[in-house]
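The block underneath contains the structure these notes are about, expressed in C-alpha cells.
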2 protein chains.
Amino acid sequence: MKSMKISDAVVRRLPIYLRFLSELAMNNVLTVSSQDLGQKLNLNPAQIRKDLAYFGEFGKKGIGYDVLFLIEKIRQILKLDKTLSVGLVGAGNLGRALCNYNTYLKDSMKIVAVFDATPEQHGKVINNLIVQPMEELEATIKALQIRIGIITVPSTAAQQVATQFVAAGVEAILNFAPVVIKVPNNVRVHHADFTTDLQSLAYYLG
Amino acid sequence: MKSMKISDAVVRRLPIYLRFLSELAMNNVLTVSSQDLGQKLNLNPAQIRKDLAYFGEFGKKGIGYDVLFLIEKIRQILKLDKTLSVGLVGAGNLGRALCNYNTYLKDSMKIVAVFDATPEQHGKVINNLIVQPMEELEATIKALQIRIGIITVPSTAAQQVATQFVAAGVEAILNFAPVVIKVPNNVRVHHADFTTDLQSLAYYLG
DNA sequence: TAGATTGTTAATCGATTAACAATC
DNA sequence: TAGATTGTTAATCGATTAACAATC
C-alpha cells in the first residue's frame, strides 16, 4: 500500500475533495458520505471511496467520513499541511492577477517572490511583493526555499524560464504559457493553458 | 467513422497540435511526421497518428503530414475556421488579464462582451470593451451570437453566472472559479482552476 | 528501388464502475 | 436490530502503445 503508485487522475481529484470539504466544514457539517460528495462534485461515489482508500481507511462504515479528519488527511497527502513557498516569473496582467490569489490559497501556499525580465517592471510592487530582475532568481529561490514555480511569461520565453527554475532547484512548475516546456524527469510540470481549454471547448458546440 | 464518438482526451490534444503546427508554418516548414510531432510535444507518435486518423487520412505514407493542410483540417474539426464570439463575466484582475489575450486568439475566437455585477465596474473600458451590467447579459449574448462564456467571478457567484449563461443560450463555458458548477447535458463546461493545479503539484514534491 | 512513414489492428495498460461482504 | 455506508474485489470500459502491411 505504502509504495503503490498513485495515478495523476487521483491526485488531481484530491484538491477538489479538499475544497468541498472545507466548504462543508465552514457550514459546520460533521460527516459526509461518498454519495454526498459524488453528487456535489459530479463524480462516482465508488471512485471517491477508491481514491481515498489508496491512502488509508479514513471512513466509518455506515457513517461516512469525518469532515475535519478527512481535510487533515488530504492536506497531509498533498503536502499542504505546511506553507509552501511559490515563485512567479512574468509580472504581466496574468501574473499580477495570480498574485492576488494569495489570500485564497491561505495557509497552504504563498507566492513569495515575483520576477520579470523587463527593467521597467523592476521595483514595482504587486500585492506587497517587489518585482525582481531575473538575475536575482536563483539566489532568491534558494534563500526563500521556493519549491514551486509559476510561469506567466510569453511563449517564447517560457522554456528558458523553466530551465532557470530547474537550475535554481524548483521541483514543480505550473506553466501558463501556451507552449509545451521540457524539464528533467524529477521535475513535475502542469500546464494551465486557457487558450487550449477554450479551443477544445469549441469542438463541442452544436 | 463519421459518427464515431471522439474522446475528450483526443479533443484536448488537437489544440496542442494546432499550436505547434502554426509555429512550424511560421518557420516555413512544409511537412512534419508523427515522430517529429511526438518528440516536440512529449507524445507517442502512434497516438498522434491515431488521433488524426479519427477525422480522416491527412498524411502521406513515407512523407508525413502537410503542415498547412493539417492546420486547416484541425481548424475545421475544432470549429475554429470561423471567428467565435466569447462573453466574459467578472471584470476583476483575472478577467481583465484574459481580455488581453484577444490578440493571441486572433481569428479563431474573440471576447466581444464583458459583464460585471458591481456597479463601480460598469462603463469601464477593458481592451476596447465596455463593462456591462449583468442585466444586459442575455440581450447582448443573443445580439452578438455569443456561444462561449468565460466565468471569472468569485466562487460564490459562479453557479449563478453559469445558470444565466445557459439561460441566455451559451453552449460552452470555461469556468475559472474554484468550484464545480452544474449545467444541463447539452452544455459543455471546462474547469480552468489554477488553485487545484497548484495543489496537485504539491503532491509531487520530493 | 530503398527508406520512411502512414493508417490500422491487436495487445497492453490503466482507470472507472458495479457489486457486496463487513460493520458501524 | 435495521439501515447505511465503507473498503475492496471483480467486471467493465476506455485509452495508449506496439507492430506491421501498405505505399509514397
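Protein chains get the first letters and strands the later ones, always in sequence-line order, with residue 1 at the start of each.
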Worksheet entry | N or O in side chain of A/Ser7 less than 4.0 angstrom from C/dA15 OP1/OP2 | yes
Discussion item. Counting only side-chain heavy atoms from C-beta out, which of D/dT17, C/dT17, D/dT16 sits nearest to B/Arg13?
Written reply: D/dT16
Worksheet entry | Within the 6.0 Å centroid threshold, strictly below: B/Tyr101 and A/Phe194 | yes
Discussion item. For the residue pair B/Gln199 / B/Thr195, report whether a side-chain donor-acceptor contact shorter than 3.5 Å exists.
Written reply: no
Discussion item. Is the phosphate of C/dG7 approached by B/Arg49 (side-chain N or O, under 4.0 Å from OP1 or OP2)?
Written reply: no
Worksheet entry | Minimum-distance nucleotide (side-chain atoms of B/Lys50 versus D/dT9, C/dA10, C/dA18) | C/dA10
Worksheet item: With a non-hydrogen cut-off below 4.0 angstrom, is A/Glu57 in contact with a base, only sugar-phosphate, or nothing?
Response: sugar-phosphate
Item to complete: Could you check which of D/dT5, C/dT17, D/dT17 has an atom nearest any side-chain atom of B/Ala46?
Response: D/dT17
Worksheet item: Counting only side-chain N and O atoms of A/Ser34, is one of them less than 4.0 Å from OP1 or OP2 of D/dT6?
Response: yes
Item to complete: Taking only the side-chain heavy atoms of A/Tyr65 (C-beta and beyond), determine which of D/dC24, C/dA19, D/dG7 contains the nearest atom.
Response: D/dG7
Discussion item. Would the distance check show the side chain of B/Asp116 and the main-chain N or O of B/Ala91 forming a donor-acceptor pair, the cut-off being under 3.5 Å?
Written reply: yes
Worksheet item: If you measure from the Lys or Arg side-chain nitrogens to the Asp or Glu carboxylate oxygens, is any gap between A/Glu23 and A/Arg19 under 4.0 Å?
Response: no
Discussion item. Looking at B/Arg188 and A/Leu201, would you say the former's side chain and the latter's main chain have a donor-acceptor pair under 3.5 Å?
Written reply: no
Discussion item. Let me check I have this right: for DNA chain D, each base becomes ., (, ), [, ] or |, based on Watson-Crick or G-U pairs with both distances under 3.5 Å. What is the full string?
Written reply: ..||||||||||||||||||||||
Worksheet item: Between B/Arg12 and B/Asp8, is the closest basic N to carboxylate O distance under 4.0 Å?
Response: yes
